[in-house]
Amino acid sequence: MIIMWRARVSDWDSMHPQKEIAEIVVSALESAIAADALPQVGDVTATVERPKNAEHGDYSTSVALALASSMRMAPREIASKITDAVAPSSMVCDVSIAGPGFINFRLDDDWLRSQIHVIRESGVEFAHLDMGAGQRVQVEFVSVNPTGPLHIGHVPGAVIGNGIANILDAAGFDVQREYYVNDAGNQMRIFIESAYVRFLQAQGKDAELPAESYPGEFVVEIGKELYEEFGNDLDGMDADGVMSVIGPQALSKTLANIRATLSRMGIEYDKWFSEQSLVSGDDFDESLELLKERGYIAEREGALWFLGTKMGLESDSVIIRSKERGPSYFGTDIAYHYNKFLKRGFDRVINVWGADHHGHVARMKAVVDSLGVAPERLTIILNQIVNFKSGDELVSFGKREDNFIAADELMDAVGPDACHYIFLERTPGTHMEFDIDLAKAESSDNPVFYVQYAHARLCAILRAAVEREIEFEDGDVSLLTMDRELALMRRLNELPDMIARAAEMLEPHHMPHFAYEVARELQRFYEACRVISSDPADAELTKARLLLVDAARIVLAGTLNIMGMNAPERM
RNA sequence: GCGCUUGUAGCUCAGUGGAUAGAGCGCAGCCCUGCGAAGGCUGAGGUCGUGGGUUCAAAUCCCGCCAAGCGCGCCA
């Protein structure tokens with residue numbers, strides 16, 4: 001029988017400490033079995049993890065405990081056979097057995113010190129992986145109906161989507177960021193009708209908003225702008241004619257508004273994909289044809305249905321409502337995913353949705369499956385709806401209401417960097433509460449500023465070195481022997497592990513947590529170790545510490561950038 | 001009613017089936033005649049919603065119950 005080894009880190013080529021340790025363990029295990037020191041057994045799953053307690057070393061595996069029952073041996077005995085077979089490595093200085101049978105690994109101090117040079121030579125790319133091996137991944141996020149500005153409820157999805165895209169990028173995927181523009185359908189029609197009425201009102205004509213409308217101030221502004229643009233030029237046309245002219249204008253104004261807000265957050269898209277283009281082009285018809293061939297389409301009650309029940313869903317869903325009323329949102333979404341997978345050929349697609357869309361998840365997976373695409377290639381990340389509080393008041397929001405707080409207002413109040421940090425910090429599944437007042441009031445006590453301050457402080461030290469004309473390129477890192485120095489180096493070298501984990505699990509919240517830990521380790525180092533000393537006897541130590549400071553700056557700035565944040569040199 | 005998600009310190013939240021469950025804020029203290037005190041250190045604070053089960057090992061996996069949020073449209 002063959003041992004199947006599955007470390008948390010699966011199959012990719014690039015190296016990071018956790019994976020290298022996993023490989024050391026695998027080959028030790030295999031050679032112990034080959035030498036008949038250990039019996040052959042079936043599949044086993046074990047992980048290499050980072051122990052909570054620093055006394056247990058830098059990495060640890062419980063594989064011996066996991067193998068105990070199938071090997072019918074005492075865990076510590078298995079552990080001892082494995083450690084006997086461990087090949088020497090420059091990265092690891094100590095392998096020991098502890099407790100009930102854990103195998104603990106300690107990183108070698110010289111290896112840690114040499115990584116300072118690696119980090120400084122490669123920059124943050126030292127931590128970039130080729131997990132993705134160039135696989136094409138699309139991340140679609142925000143995709144809010146273009147019927148008004150983004151409000152605060154849209155910010156978490158924007159931040160999370162951007163964070164996931166950035167982390168996948170760092171892990172070696174070929175990432176495309178996309179915004180799906182719902183420029184077709186009912187909501188768009190209502191929006192354009194509202195814009196039309198506001199346009200008439202701007203002209204000074206009598207007009208009433210229809211029962212279903214967007215009453216917000218934003219559409220009034222659009223009406224005014226349209227009036228400035230067209231004046232009374234369209235007076236001879238009927239309502240439909242006017243709407244066909246001003247509709248696209250209103251849409252592009254709204255999109256420009258949304259794009260500006262996102263851009264202010266440092267979020268840029270590779271593609272803004274039009275829903276309308278699915279219907280006006282071939283995608284809608286082709287996707288339908290394919291589903292029909294595969295037997296998932298039926299016509300009844302004057303509508304065209306997707307037979308979700310054939311895929312184990314609770315009900316079927318309407319694709320085309322009627323000849324006159326056209327495709328449903330779900331219908332175009334089928335075409336959209338057909339386009340993503342079968343037209344554009346993405347290997348993986350990640351959709352970031354608000355949790356209020358969770359009812360749509362199973363349906364979409366079923367659609368992808370019935371199109372003949374493995375459903376695992378589609379990942380849908382749901383971010384829970386955030387409750388925004390102001391004092392004790394719950395802030396409600398909604399496009400159709402006029403009382404929403406705009407995303408821009410949140411940026412004014414808290415700042416884009418804090419938004420990235422705060423919304424990345426929580427796992428998407430948590431039902432989080434966000435107190436706007438608290439975020440403003442505590443801004444100077446925020447972890448956001450703690451992390452950025454640490455970076456600014458490093459820059460201040462490096463500036464001081466420049467002022468004093470200290471050349472430290474030839475510094476000797478072997479002088480760095482203090483606990484705080486080594487602890488900092490350990491932390492810096494976790495960056496590749498963190499990226500691997502965040503990318504594999506699609507969990508961007510590891511980034512702010514890591515950034516915080518780096519900042520904390522830096523502040524401790526700063527307290528304990530004077531970097532620039534005026535004592536000539538310390539000249540060499542100063543140079544060595546400056547090298548470490550520079551490496552730390554690279555790691556911290558790089559992490560902040562992956563999070564979509566700035567790394568300020570001064571605050 | 002059915003489904004999805006969540007329940008961990010006073011509050012906001014981390015926690016990869018592993019070793020003594022952590023952080024921030026708040027609270028009680030201590031620490032600058034030097035590189036940025038937006039900092040460092042110490043302490044108090046927990047029946048991991050609850051009851052069973054699986055396992056050498058459960059906050060973590062499974063089942064029941066309780067509570068909260070969301071969804072259950074020919075809206076998007």
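Here is how names work: the chains are called A, B, and so on, in the same order as the sequence lines, proteins then strands, and each is numbered from 1. Here the structure is a predicted model, which means the values were calculated and not measured. Hydrogens, waters and symmetry mates play no part in the numbers below; they use all other heavy atoms, side chains included.
Among B:G40, B:C75, B:A14, the nucleotide with an atom closest to any side-chain atom of A:Arg321 is B:C75. Comparing B:G15, B:G40, B:G36 by their nearest atom to the side chain of A:His509 picks out B:G15. When distances run from any side-chain atom of A:Arg457 to the nucleotides B:A76, B:G36, B:G18, the shortest one goes to B:G36. Side-chain proximity of A:Arg325 to B:A59, B:C13, B:C75: nearest is B:C75. When distances run from any side-chain atom of A:Arg530 to the nucleotides B:G36, B:G34, B:C74, the shortest one goes to B:G34. Residue A:Arg520 places its side chain closer to B:G24 than to any other of B:G24, B:G18, B:G36. The A:Glu314 side chain lies nearest to B:C2 when the options are B:G15, B:C2, B:A37. Here B:A14 is the nucleotide among B:G39, B:C35, B:A14 with the atom lying nearest to any side-chain atom of A:Arg426.
Side chain A:Asn104 to base B:A19: a donor-acceptor pair is found below 3.5 Å. Counting atom types as modelled, A:Thr427 pairs no side-chain N or O with a base atom of B:A14 as donor and acceptor under 3.5 Å.
B:A21 and B:A44 are spaced 14 Å apart, taking the P atom of each and rounding to whole Å. Taking the C1' atom of each, B:G29 and B:U33 are spaced 24 Å apart, rounded to whole Å. Across B:C61 and B:C41, the matching C1' atoms stand 40 Å from one another, rounded to whole Å. B:C56 and B:C63: their C1' atoms are spaced 23 Å apart (whole Å). Of the C1' atoms belonging to B:A57 and B:G64, the separation is 24 Å, rounded to the nearest Å. Here the separation of B:G53 from B:A58, taken at their P atoms, is 12 Å to the nearest Å. Across the C1' atoms, B:C31 and B:A37 are found 10 Å apart, a figure rounded to whole Å. Taking the P atoms as reference points, B:C65 lies 34 Å from B:G22, given to the whole Å.
Heavy atoms of A:Cys459 sit nowhere under 4.0 angstrom from any nucleic acid atom.
Using cut-offs of 30° and 60° on the angle between ring planes, the pair A:Trp272 and A:Tyr179 is parallel.
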Under 3.5 Å, which protein N or O atoms sit close to an N or O of nucleotides 65-70 of chain B? Give each pair with its distance.
{"residue": "B:C70", "atom": "O2", "partner": "A:His358", "partner atom": "NE2", "Å": "2.8"}

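Each of A:Ser60, A:Ser96, A:Pro75 was evaluated against A:Phe102; a single residue qualifies, A:Ser60, per the side chain to side chain contact (heavy atoms under 4.5 Å, CB included) test.
Classified by its glycosidic torsion, B:C41 falls in the anti category, the angle being over 90° from 0.
Annotation: the span from A:Asp333 atom CG to A:Asn351 atom CG amounts to 8.0 Å, rounded to 0.5 Å.
No donor-acceptor pair closer than 3.5 Å links the side chain of A:Arg553 to the backbone N or O of A:Cys459. Using modelled atom types, one side-chain atom of A:Ser328 and one backbone atom of A:Val318 make a donor-acceptor pair closer than 3.5 Å.
B:A19 has A:Phe102 stacked on its base ring, the centres lying under 5.5 angstrom apart and the planes within 30 degrees of parallel.
Defined by atom type and a distance below 3.5 Å, a donor-acceptor pair is missing between the side-chain atoms of A:Tyr214 and A:Asn145. In this structure, a donor-acceptor pair under 3.5 Å is absent between the side chains of A:His56 and A:Asn104.
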_Please evaluate residues A:Leu278 and A:Phe273 with respect to the criterion side chain to side chain contact (heavy atoms under 4.5 Å, CB included), reporting the C-alpha separation (whole Å), side-chain torsions for both, the decisive distance (0.1 Å), and the verdict._
CA-CA 9 Å; A:Leu278 294 166; A:Phe273 190 96; 3.6 Å; yes
